[in-house]
Every structure is written in C-alpha cells, then in structure tokens.
Student: 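I am attaching a structure below and will ask some questions about it afterwards.
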Amino acid sequence: MRILYHSVLPSITHAMLELGVPDGEGENLLGKATVSDHGDLAIACHSLSRTLKKSPIEIAEELSSILAPLLDGITNISAVNGFVNLKATDSWLEEKCRETCNDIRLGIPLSSNPRTVAIDYSSPNVAKEMHVGHLRSTVIGDSLTRILEFLGNTVIRENHIGDWGTPFGMLIEHLLDMGEGSNENELSVGDLDGFYKTARNKFDSDESFADRSRARVVLLQGGDEETIRLWQVLVDESTRYFNEVYQLLGVLLVDDDLMGESAYHHLLPDVVSRLNEQGLLKNSDGADVVFPGGHLNRDGEPLPLIVRKGDGGYNYATTDLACIIDRVERLKVDDLLYVVGTPQSRHFQMVFSVAYQAGLLNESNTTVHVNFGSVLGNDGKVLKSRSGSAVKLVDLLKESVSRANDVIGDKNPNLTGIEREDIANAIGIGAVKYADLSTDRTRDYMFDWARMLSFEGDTAPYLQYAHARIKSIFERVDSDEWKSSSIQITNEYESRLARSIVSFSDAVESAATDLMPNRICIHLHEIASSFGSFYENCPVLNAEEIPIINSRLLLCDTTARILSTGLELLGIDAPNRM
RNA sequence: GGGCGUGUAGCAUAGCCUGGAUAAUGCACCGGCCUCCUAAGCCGGGGACCGCGGGUUCGAAUCCUGCCGCGCCCGCCA
C-alpha cells in the first residue's frame, strides 16, 4: 500500500531519529507486512539491535510507543516478536478509499516524466500463418502499449513484419506458378501455411524452381517493377489476413503501425557507412562486421555482429540498426522496446551495444528487450513452427470463442443474438489473452488447451464475471445518491475490499516499471476475490441502513471500474452481462 | 566447452530485483452453501525437506558460491 507507506514515512523517520538510529538506516526497514493479519506495513527491528544495544523486542516496543501518538488516526500499532506492525485504521482507510472512488483515474497518477516509447511487437511474416508464438508478442506488446499510454506516455506501435528477404523469391515464383487469379483462395485465411510450404517444397526439390527463385530475389532487390507488383500482392493479402486476426484478438494494431523490413531497405547501405565512419567496421571472412565485445564464439574468439554478408547482402542486424536510426532520429523516440522471444536476447544485446558505440543512441535513450519464454508443447519441448504441428492462432481463438458460447448456453440461456456473440467473444478471447498475460512473461510457456480455455479459477472470465455481477446490482438502482456517499467499513469483508481498491495503483505502477502485465492480473484477481467474499457476505441493496447501502454501492462501483480498467489495460473486454 | 536463463504441493503459478514472523494463489482432491443482489460463485479441509550442498546474516525461497536437471544461444537465417 504505497499511499499508506508515504503517509507514515515521515513519522518513522522522526521516531528513528529519536531512538538514536543513524540517519537513513531506519526508514529502509519499513516494508510490507508479510502476514496480512499482522498489519499492512511492518518494521523489522532486529538489525537495529546491534547499534542500539538492545533486544529487538525492546526496540519494537519503544518504537511503537513513540509512533503511537504520531500516527494516531492513521494506523494502529503493535509490537510483536521484534516487529512493529502498522495497520491502517478504518477511518484512514475509509477516507483514502473514498478518494480513490471519486478519482476518475482510480488513484493512478500520470507519469511525472512522460516518455516517447516505440514498442516493437507482433511482427508476423508475410505469406506465413500466425501461430501461437505470435500470440505472446502481440498480446504482451498490446498490453504494454495500453499501460504506458494510460500513464501518459506517447507510444508508437511498430509492427515490424517480415516482408523482405530471400524467401520472397520462391514465394513470388510460386505465386506465378499458381496463377495470380487463384491467389485469393490460396492466400486467404486458412491456407497461408499451405502456400508457404508448397513453395518451400518446390524450392527444395525442384532445381529449376530454385534457380528461378534466386533470380527473382535479385529482381526484387533491384526494384524490378513487375516483381515489386507481385511482391505487393503477397504483402497486401497477408496484411489483410493479419488485420482479421488482430480484429478477432481485439488488439490496437492497425495498418499505420506496419513498418516492415522492406521499409528500411533503402537505409541499409547508410547503416554500414555510418558504422564505417565511426571506425567500428571490420572485415572478417569477407563480411563487414562490428565486434561489440563481451561475446565469444565457440572457439573463444570475439563474436561479431554481421552487418553485411560476404555476398554483399544485408541481414536482420543491419535492419535492426536501421530501425534504431529511424526511431530515434525521425520519430524522436526516447525508449525502444522489443517484445521478442528470449532466444534472441544475445542478438539484441549485441545490436544495442553496437548502436550505443556508433552513437545511434545516447544516455537519454533506453533499450529493453522485453523478452518472453518459448511456447512449449505438452511434452515440455519447444513447439516447432516448421514441423507443421504448430497450432494456428485463428483456430485457437475460434475454438475458445466457441467454448465460451457453449458455457453461456449452459449458464445464462437468456442471452441471445448479437449480445451473446459479443459476450462469447469477450470471454473466449479474454481467456486466451489472460492465460498468456497472467504469468511471468520471461518464463517458458506451456501450451495447454485446458488451461487456456478454462473459465474457472484465476482466469479472465472470473474477473469478467465479478464485473458483470456488480453491473447487475446497478440495474436495480434508480438514484445516484450513492455517488456522493462516504465509505463505511463495518466488517472484515469491506475492509479487505477497500484495501484492494486503494492498492490498485501499486499494481499498475509495478506493471509499468517492470514491463510486467502479470502484476495487474495478480491484483485484479485479488480484488475480484475480495469482492467475491464481500458479495456473498454483505448484502448491498438489502442492507438495513441507507448509508450502508450507499457505501457498499460506492465500493461496488469502484470495484467494477477497477476491473474494467484493469482488464482494458490487458486488452480484455468486460461485458456488463454474462 | 563458453554464455544466458530456469528449477517452489499431483499439475500450473506468485513471491526473488529491495532478505524477516505459520511460503501465497488457482486447478485437481475431500466436506459444506442456491425459498435471499448472476453458484463462471462462496465457506472450510488435506497436500511443499522452496532442485541438492556450502557460505554471508540475529534471520535465506529471496543474496553469494559449487554441483545436478532442463531450456535457449554461441559468424554470414530471422
């Protein structure tokens, strides 16, 4: 509880001084109580024992008697086992909770130092199916976008699609073989993989096709008009498909966010010459490289970042450097975020390092590889996209929506038509997104249908359900006098709920600083759970006294707003009914 | 071989950065709760040598170190 911490800190400092604790040593001991029964905050006095030459128990007792008058009305204080426990008083909590309830931003301040942030995420490949691997990047990046924007930062979404490179030779030749007329069918939702694989197979087995493909790559890179036109057909078909998936997923990405590899193509020679001007460029085995230092190859020799291959072509390191130049110099970006899987961490370390060395970035910039774990199969091994067993993203999403629809039929048959469709969508998509967002993103991710599509326990539907239950209460409320009500804490359920309400900002702040959306999930589950107990145990509309009814309505309303706001930050809808 | 990461109940996770008091949550399991604001819910219960061994500390899941298991990366793919 950050606000409580700040409320009591000056008094702690004062009390420590009075006890004779050296400056700065005492305040650091103030922290969250590990056992909530004991209090909200606690001071472990054991480490003071040496300097003060007293037992921790004595110190804790003295400290509490000094603090008691200072914090009168803010916290109750007790000394146990050498800990000073601080527990917010009901009256303090009532006041602070009411402030949060009345705040449009639910207690979350705007950043005092807003930044311009580029977030590189999603990045599917043209003419390739989006699979579950793309889900992570897309969903995490989308949530981070929402969170950082909510805090007042300027976010530039960058969808760095794979729309350039050698595979396009074979894809274009395959397109020609198929006949352009049929591309509509072949490239539309459902068979992108078939198109790619067929092309790949032909490339591997048919010598003349392979030759044509290689020749086509040369034409493409040379800017041949007809080749570019065919390439554009592939790109357009694919982006149309990506947009369908994005729409189904409900993410913010739109065409304006597309900044594919091809967009940087013309800048690549410039990247190399700038590195050369900085004296960083070396020639190694015929390739132009930079040695950023700090990385070794298998033989213990320095590992280079290759920016121009032996055959004169450029590779992804060059493109990534071009991106940095573009984002920093044209878009005036402060922070660069890359929502990309952990396996690429060394690549990013090297690229960032070279970018700093070349002066493309300076101290005012930050670069973060927002890494995430691999998607594993039930066997605990990484799902391979090439083996063909990868699950298509659309299939997964549709399956989830369909299951949600079944549950609705079961639980609430009154819902019909468009409303039912919308709700099935919110639940089905929400469940999948939440399954992805609610764990530490850096850990590997076990692909598990049951878990992803589960609508029980710590899931999006649980949160949505809590939200919908609250909304149903307000369908019976005519007056809005509760809006100006005070908060009255009359039992443990209200007290726990109020604590959850007041702490929402902690979670959002933590999610933003560490770029960890799961911190929000944890808190939303906590508040939904607090609400669950409250709802079962505290009659709202049937309470006996009007002030209690109004207080509870205000708690309900705020809980609903926190749930919908929190879910929105995750990119998940919160329907009013379900 | 080197580097990076990871190991918490049957399963899945939180907590680890910033060390504290009976290690938190969900699924599964056992037992209760719908004449009453949505039972996708609520209440109660059992279940963990926090991978193993050292070290630092008054105190270690958390910090350091060694080992073991697993994963990823280690020069012209992205």
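Values in this document were obtained by computation on a predicted structure and should not be read as measured data. Order of the sequence lines sets the chain letters (A, B, ...), proteins ahead of strands, with each chain counted from 1.
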Student: Verify whether the ring centers belonging to Phe474(A) and Trp482(A) lie closer than 6.0 Å.
Tutor: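 Judged by ring-centre distance (under 6.0 Å), Phe474(A) and Trp482(A) do meet the cut-off.
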Student: Tell me what Cys45(A) touches on the nucleic acid: a base, only sugar-phosphate, or nothing, going by heavy atoms under 4.0 Å.
Tutor: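 Nothing, no heavy atom under 4.0 Å.
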Student: Has the side chain of Ser284(A) got a donor or acceptor atom sitting under 3.5 Å from an opposite partner on the base of rG75(B)?
Tutor: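 Pair found.
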Student: For the rings on His347(A) and Tyr316(A), is their centre-to-centre separation under 6.0 Å?
Tutor: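 Yes - the distance between ring centres of His347(A) and Tyr316(A) falls below the 6.0 Å cut-off.
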Student: Hey, is rC63(B) sitting syn or anti, using the within-90° cutoff around 0?
Tutor: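 Here the answer is anti: the torsion falls beyond 90° from 0.
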Student: Is Glu62(A) salt-bridged to Lys54(A), going by a charged N under 4.0 Å from an acidic O?
Tutor: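 So Glu62(A) pairs with Lys54(A) through a salt bridge.
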Student: Contact class for Ile427(A) vs. all strands (heavy atom < 4.0 Å): base, sugar-phosphate, or nothing?
Tutor: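 Touches a base.
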Student: Could you tell me the separation between the OH atom of Tyr493(A) and the P atom of rC42(B), rounded to a whole number of Å?
Tutor: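 Result: 12 Å.
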Student: Atom CD of Glu544(A) and atom P of rC37(B): how far apart are they, to the nearest Å?
Tutor: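 That distance rounds to 17 Å.
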Student: Would you call Lys32(A)-Asp40(A) a salt bridge at under 4.0 Å N-O?
Tutor: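 Salt bridge absent between Lys32(A) and Asp40(A).
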Student: How long is the line joining CG of Asp444(A) and P of rC73(B), in whole Å?
Tutor: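 Whole-Å distance recorded here is 11 Å.
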Student: Ignoring the backbone of Asn85(A), work out which of rA14(B), rA40(B), rA21(B) is nearest its side chain.
Tutor: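 From the listed options, rA21(B) comes nearest.
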Student: From rA14(B), rU25(B), rA21(B), pick the nucleotide closest to the side chain of Asn81(A)?
Tutor: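 Of the options given, the side chain of Asn81(A) lies nearest rA21(B).
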Student: Rounded to whole Å, how long is the line connecting atom CG of Asp288(A) with atom P of rG75(B)?
Tutor: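 After rounding, the gap between these two atoms is 18 Å.
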Student: Evaluate whether the aromatic ring of His38(A) and the six-membered ring of the rA21(B) base sit under 5.5 Å apart, centre to centre, with an inclination under 30°.
Tutor: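 Given the distance and angle limits, yes, they stack.
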Student: Can we say Arg496(A) and Glu526(A) salt-bridge, meaning some charged N sits less than 4.0 Å from an Asp/Glu carboxylate O?
Tutor: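 Looking at Arg496(A) and Glu526(A), the cut-off is met.
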Student: Under 4.0 Å, heavy atoms only, any strand: does Leu296(A) hit a base, just the sugar-phosphate, or nothing?
Tutor: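 Sugar-phosphate only.
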Student: Using a heavy-atom cut-off of under 4.0 Å over every strand shown, decide if Ile408(A) touches base, sugar-phosphate, or nothing.
Tutor: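 Base contact.
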Student: Choose from rA39(B), rC72(B), rG75(B) the nucleotide whose nearest atom is closest to any side-chain atom of Val289(A).
Tutor: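 So the nucleotide nearest the side chain must be rG75(B).
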Student: Considering only side-chain heavy atoms of Ile522(A), which listed nucleotide, rU38(B), rA14(B), rA40(B), is closest?
Tutor: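 Ranking rU38(B), rA14(B), rA40(B) by closest atom to the Ile522(A) side chain puts rA14(B) first.
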Student: Under 4.0 Å, heavy atoms only, any strand: does Arg577(A) hit a base, just the sugar-phosphate, or nothing?
Tutor: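 Base contact - Arg577(A) has a heavy atom under 4.0 Å of at least one base atom.
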Student: Let's see if you can work this out: which of rU38(B), rA21(B), rA28(B) has an atom nearest to the side-chain heavy atoms of Ala42(A)?
Tutor: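 Minimum distance to the Ala42(A) side chain belongs to rA21(B).
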Student: Picking from rA12(B), rC76(B), rA39(B), which would you name as closest to the side chain of Arg451(A)?
Tutor: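 Side chain of Arg451(A) sits closest to rA12(B).
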Student: It should be established whether Arg298(A) places a side-chain nitrogen or oxygen under 4.0 Å from OP1 or OP2 of nucleotide rG3(B).
Tutor: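 No, outside the criterion.
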Student: Determine, answering yes or no, if Phe83(A) is stacked on rA21(B) under the 5.5 Å centre rule and the 30° plane rule.
Tutor: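 The ring of Phe83(A) is stacked on rA21(B).
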Student: Hey, does Arg519(A) reach any base, or is it just sugar-phosphate, or nothing, if we go heavy atoms under 4.0 Å?
Tutor: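 If one applies the 4.0 Å heavy-atom cut-off, Arg519(A) turns out to touch the sugar-phosphate alone, with no base involved.
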Student: From the set rC76(B), rU38(B), rA40(B), return the single nucleotide nearest to any side-chain atom of Ala468(A).
Tutor: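 The answer is rU38(B), which lies nearest to the side chain.
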Student: Check this for me, if you would: do Arg403(A) and Glu399(A) make a salt bridge, where the nitrogen-to-carboxylate-oxygen distance has to be below 4.0 angstrom?
Tutor: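 Here Arg403(A) pairs with Glu399(A) in a salt bridge, since their nearest N and O are under 4.0 Å apart.
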Student: Rounded to the nearest 0.5 Å, what's the gap from CD1 on Ile43(A) to CD1 on Ile77(A)? Could you check?
Tutor: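 If I round to the nearest 0.5 Å, the distance is 8.0 Å.
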Student: From the options rC73(B), rA40(B), rC42(B), select the nucleotide whose nearest atom is closest to the side chain of Ser533(A).
Tutor: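 Looking only at heavy atoms from C-beta outward on Ser533(A), the closest nucleotide is rC42(B).
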Student: Counting only heavy atoms not in Glu544(A), do more than 12 sit closer than 6.0 Å to its CD atom?
Tutor: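 No, because the 6.0 Å sphere around CD of Glu544(A) holds 12 heavy atoms or fewer from other groups.
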Student: Whole angstrom is fine here: how far is it from CG in Asn412(A) over to C1' in rC37(B)?
Tutor: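 Atom CG in Asn412(A) sits about 15 Å away from atom C1' in rC37(B).
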Student: Would you mind classifying the nucleic acid contact of Ser47(A) as base, sugar-phosphate or nothing, using non-hydrogen atoms under 4.0 angstrom?
Tutor: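 Result for Ser47(A) = base.
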Student: Flag yes if more than 12 heavy atoms outside Lys471(A) fall under 6.0 Å of its NZ atom; otherwise flag no.
Tutor: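 Not more than 12 within 6.0 Å, no.
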Student: Is it the case that the base of rA40(B) and the side chain of Tyr465(A) share a donor-acceptor contact (distance under 3.5 Å, atom types as modelled)?
Tutor: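 No, the side chain and the base share no sub-3.5 Å donor-acceptor pair.
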Student: Which dot-bracket notation, 5' to 3', represents the base pairing of RNA chain B when pairs are defined as Watson-Crick or G-U with both distances under 3.5 Å, crossing pairs as [ ], and inter-strand pairs as |?
Tutor: (((((((..((((......[...)))).(((((.......))))).....(((((..]....))))))))))))....
Student: With a cut-off of less than 4.0 Å, is there a side-chain N or O of Arg469(A) near OP1 or OP2 of rA39(B)?
Tutor: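 True: Arg469(A) side-chain N/O within range (under 4.0 Å) of rA39(B) OP1/OP2.
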Student: Measure from CG on Leu30(A) to C1' on rU18(B) and round the result to the nearest Å.
Tutor: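 For the pair Leu30(A) CG and rU18(B) C1', the rounded distance is 13 Å.
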Student: What is the nucleic acid contact for Gly310(A), judged by heavy atoms within less than 4.0 Å: base, sugar-phosphate only, or nothing?
Tutor: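 Gly310(A): base contact, heavy atoms under 4.0 Å.
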Student: Between Asp299(A) and Thr34(A), which has a closest nucleotide on RNA chain B that is more 5'?
Tutor: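 Looking at the nearest nucleotide for each, Asp299(A) comes out on the 5' side.
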Student: With rounding to whole Å, what would you report as the distance between rA23(B) and rA60(B) at their C1' atoms?
Tutor: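 Pairwise C1' distance, rA23(B) against rA60(B), rounds to 12 Å.
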Student: Can the positive tip of Arg136(A) be found less than 6.0 Å from the middle of the six-membered ring of Tyr445(A), inside 45° of the ring normal?
Tutor: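 Yes, cation above the ring, under 6.0 Å and within 45°.
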Student: For Asp458(A) and for Tyr535(A), locate the closest nucleotide of RNA chain B by heavy-atom distance; then report the residue assigned to the nucleotide nearer the 5' terminus.
Tutor: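 This one resolves to Asp458(A).
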Student: Could you check how far CZ of Phe474(A) sits from C1' of rU38(B), rounded to whole Å?
Tutor: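 Between C1' of rU38(B) and CZ of Phe474(A): 15 Å.
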Student: Check the distance between rC76(B)'s P and Leu321(A)'s CG and give it to me in whole angstrom.
Tutor: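 Atom-to-atom, Leu321(A) to rC76(B), this comes out as 17 Å.
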Student: Check this for me: does any side-chain nitrogen of one of Lys411(A) and Glu456(A) sit under 4.0 Å from a carboxylate oxygen of the other?
Tutor: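 Salt bridge absent between Lys411(A) and Glu456(A).
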Student: Of the candidate nucleotides rG41(B), rC37(B), rA40(B), which contains the atom at the shortest distance from the side chain of Lys411(A)?
Tutor: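 In terms of side-chain proximity for Lys411(A), the closest of rG41(B), rC37(B), rA40(B) is rA40(B).
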Student: Does rG20(B) have OP1 or OP2 sitting under 4.0 Å from an N or O in the side chain of Lys32(A)?
Tutor: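 For rG20(B), neither OP1 nor OP2 has a side-chain N or O of Lys32(A) closer than 4.0 Å.
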Student: When you get a sec, tell me which of rA78(B), rU25(B), rC37(B) is the closest nucleotide to the side chain of Ile473(A)?
Tutor: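 Comparing rA78(B), rU25(B), rC37(B) against the side chain of Ile473(A), the answer is rC37(B).
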Student: What distance, rounded to whole Å, do you find between the two C1' atoms, one in rG44(B) and one in rU35(B)?
Tutor: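 It works out to 25 Å between them.
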Student: If you measure from the P atom in rG20(B) to the same atom in rC63(B), how many Å do you get, rounded?
Tutor: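 Taking atom P in both rG20(B) and rC63(B), they lie 11 Å apart.
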Student: Which part of the nucleic acid does Asn315(A) contact within heavy-atom distance under 4.0 Å: base, sugar-phosphate only, or nothing?
Tutor: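 Contact class for Asn315(A): sugar-phosphate only.
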